2 protein chains.
Amino acid sequence: MKVSKETMAEHQGQIVAAAAKSFRERGFDGISVADIMNEVGLTHGGFYRHFSSKDDLVAAASLRAISETIAKWRRIVDETPGDRLEALVNSYLSLRHHDRPETGCLVAALGGELSRQSCTVKEAVTKGQRELIDFLSGVAPGKTKALRRKQAIVALASMVGGMTLARITSDSELCLEILSDVAGAIPNSVRATV
Amino acid sequence: MKVSKETMAEHQGQIVAAAAKSFRERGFDGISVADIMNEVGLTHGGFYRHFSSKDDLVAAASLRAISETIAKWRRIVDETPGDRLEALVNSYLSLRHHDRPETGCLVAALGGELSRQSCTVKEAVTKGQRELIDFLSGVAPGKTKALRRKQAIVALASMVGGMTLARITSDSELCLEILSDVAGAIPNSVRATV
DNA sequence: ATTATCTATAGATCTATAGATAATGC
DNA sequence: ATTATCTATAGATCTATAGATAATGC
């Protein structure tokens, strides 16, 4: 029942990918190690050869989810000739992202839960958070580096909060109102940030 | 072991208050019905005379947490002679609020989890969310009602997202940077919102 | 008589481990 | 020989219910 080193590395990648998706969909407590192993087609006993605990997987999966977001942002920026920050904001605050938390932003999907995780997890998330801010700083329009960073932080906060508010409502009209109001306000806010 | 109607009503209030606090502190899955009843000084078996399920309590506690926030906002607004929206924003994005999720904003503490709750819970939360938006609309500076509402939504999104980002970081410097950048940007954003 | 609370427990679920199995890789 | 996976299970925990108890309120 042993597999080759390559296959084992592949399995580990599949476990992290499945976890990154399922955690965003159901929350860290909403899915078990056995469920995740089952998705990959393995039994849960084998999990502990890959990770020392579920917490370890939570950290790895969180970092992976943020990497997926950065990769998507990179793709959008490369495809956009005009205002790149605006393109990112519109993609983030889209109905498509609203409906698909499992492939979207980790912070919007699991914000409150992340803050209650172990140090290991929070350090992984902080690393990812810095990458998100740095990436947005690179497309912000400010004249100085400090200003671009400030614009990035402010835009990210609006994006995370806007999606969070849109997702908790059971009123689809209010949901659309929030998404479009916040998306419309970010460019103004960015320009006005001094 | 039966108690009077008044005492029972009091117990129910204590259960909801304890739940509203503990849920914000540990998450909906982080505390059991038995734990909450224990905090109040009752045994867990008695719980089901007050609520038909834990989900019922989650809905009641969520609404109560939002009511606490509105009450606090009302107090701040009554005490503030100057810019009332700015006072609310500074209180929301304070280190004090950052350190005390258990008495703070439900959405910032449990945002992602709320979106995965039952219809009962989401409807209660939507009701509370409308109250938050309406309250902020009342102190926003816009000239028309529609504009004030837009400013309220945009400000609330920045507040929720700013606190979420500040709480997930393990870097205290980055935490302070986020809180002050977002708090500083909201007044600009509100003025610029058309 | 009614019922709020308590005691006890059924039934389900979850993390982590122990030991067996069989394929890899020296 | 080593080890990735599987089978089985220990130990803990959680929601919800059943039946007993004792105080309320008609």
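Letters go in sequence order (proteins before strands), and every chain restarts at 1. Values in this document were obtained by computation on a predicted structure and should not be read as measured data.
Side-chain polar atoms of B:S94 and B:S91 form no donor-acceptor pair below 3.5 angstrom. For the 3.5 Å distance criterion, the side chains of A:E68 and A:T103 fail to qualify, holding no donor opposite an acceptor.
Using a cutoff of 4.0 Å between basic side-chain nitrogens and carboxylate oxygens, A:R24 and A:E113 are not scored as salt-bridged.
Between A:E10 atom CD and D:dT5 atom P the separation is 11 Å, expressed in whole Å. The CG-P distance, from A:L42 to D:dT3, rounds to 19 Å in whole Å. Atom CD in A:Q14 sits roughly 16 Å away from atom P in D:dA4 (whole-Å rounding). Atom P of nucleotide D:dT3 and atom CD of A:E6 are separated by 15 Å, given to the nearest angstrom. What separates CE of B:M8 from C1' of D:dA23 is a distance of 14 Å, to the nearest Å. With rounding to whole Å, B:H11 atom NE2 is found 14 Å from D:dA23 atom P. As rounded to whole Å, 11 Å separates atom C1' of C:dT5 from atom CD1 of B:I15.
Note on ring orientation: taking the six-membered ring where Trp is involved, the planes of A:F135 and A:W73 are tilted (angle from 30° to 60°).
Not one N or O on the side chain of A:R149 forms a donor-acceptor pair closer than 3.5 Å with the backbone of A:D134. Counting only distance, with no hydrogens or angles, the side chain of A:Q129 and the backbone of B:L165 share a donor-acceptor pair below 3.5 Å. Remark: the backbone N or O of B:K122 is not paired with any side-chain donor or acceptor of B:Q117 at under 3.5 angstrom. Under a 3.5 Å cut-off, the side chain of A:T126 and the backbone N or O of B:S170 do form a donor-acceptor pair.
Between B:H11 and B:Q14 the shortest side-chain heavy-atom distance falls below 4.5 Å.
Across all strands shown, B:T43 has heavy atoms under 4.0 Å from base atoms, whether or not it also approaches the sugar-phosphate.
When each of A:D35 and B:G41 is assigned the nucleotide of DNA chain C bearing its nearest heavy atom, the one mapping closer to the 5' terminus is B:G41.
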What's touching nucleotides 15-22 of chain C from the protein side, N or O pairs under 3.5 Å?
{"from": "C:dT15", "atom 1": "OP1", "to": "A:K54", "atom 2": "NZ", "distance (Å)": "2.7"}
{"from": "C:dT15", "atom 1": "OP2", "to": "A:V33", "atom 2": "N", "distance (Å)": "3.0"}
{"from": "C:dA16", "atom 1": "OP2", "to": "A:Y48", "atom 2": "OH", "distance (Å)": "2.9"}
{"from": "C:dA16", "atom 1": "OP2", "to": "A:K54", "atom 2": "N", "distance (Å)": "3.0"}
{"from": "C:dA16", "atom 1": "N6", "to": "A:H44", "atom 2": "NE2", "distance (Å)": "3.1"}
{"from": "C:dA22", "atom 1": "O4'", "to": "A:M1", "atom 2": "N", "distance (Å)": "3.0"}

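Among the duplex regions that DNA chain C forms, those built from at least three successive Watson-Crick or G-U pairs under 3.5 Å are C:1-24 with D:1-24, ordered by first number.
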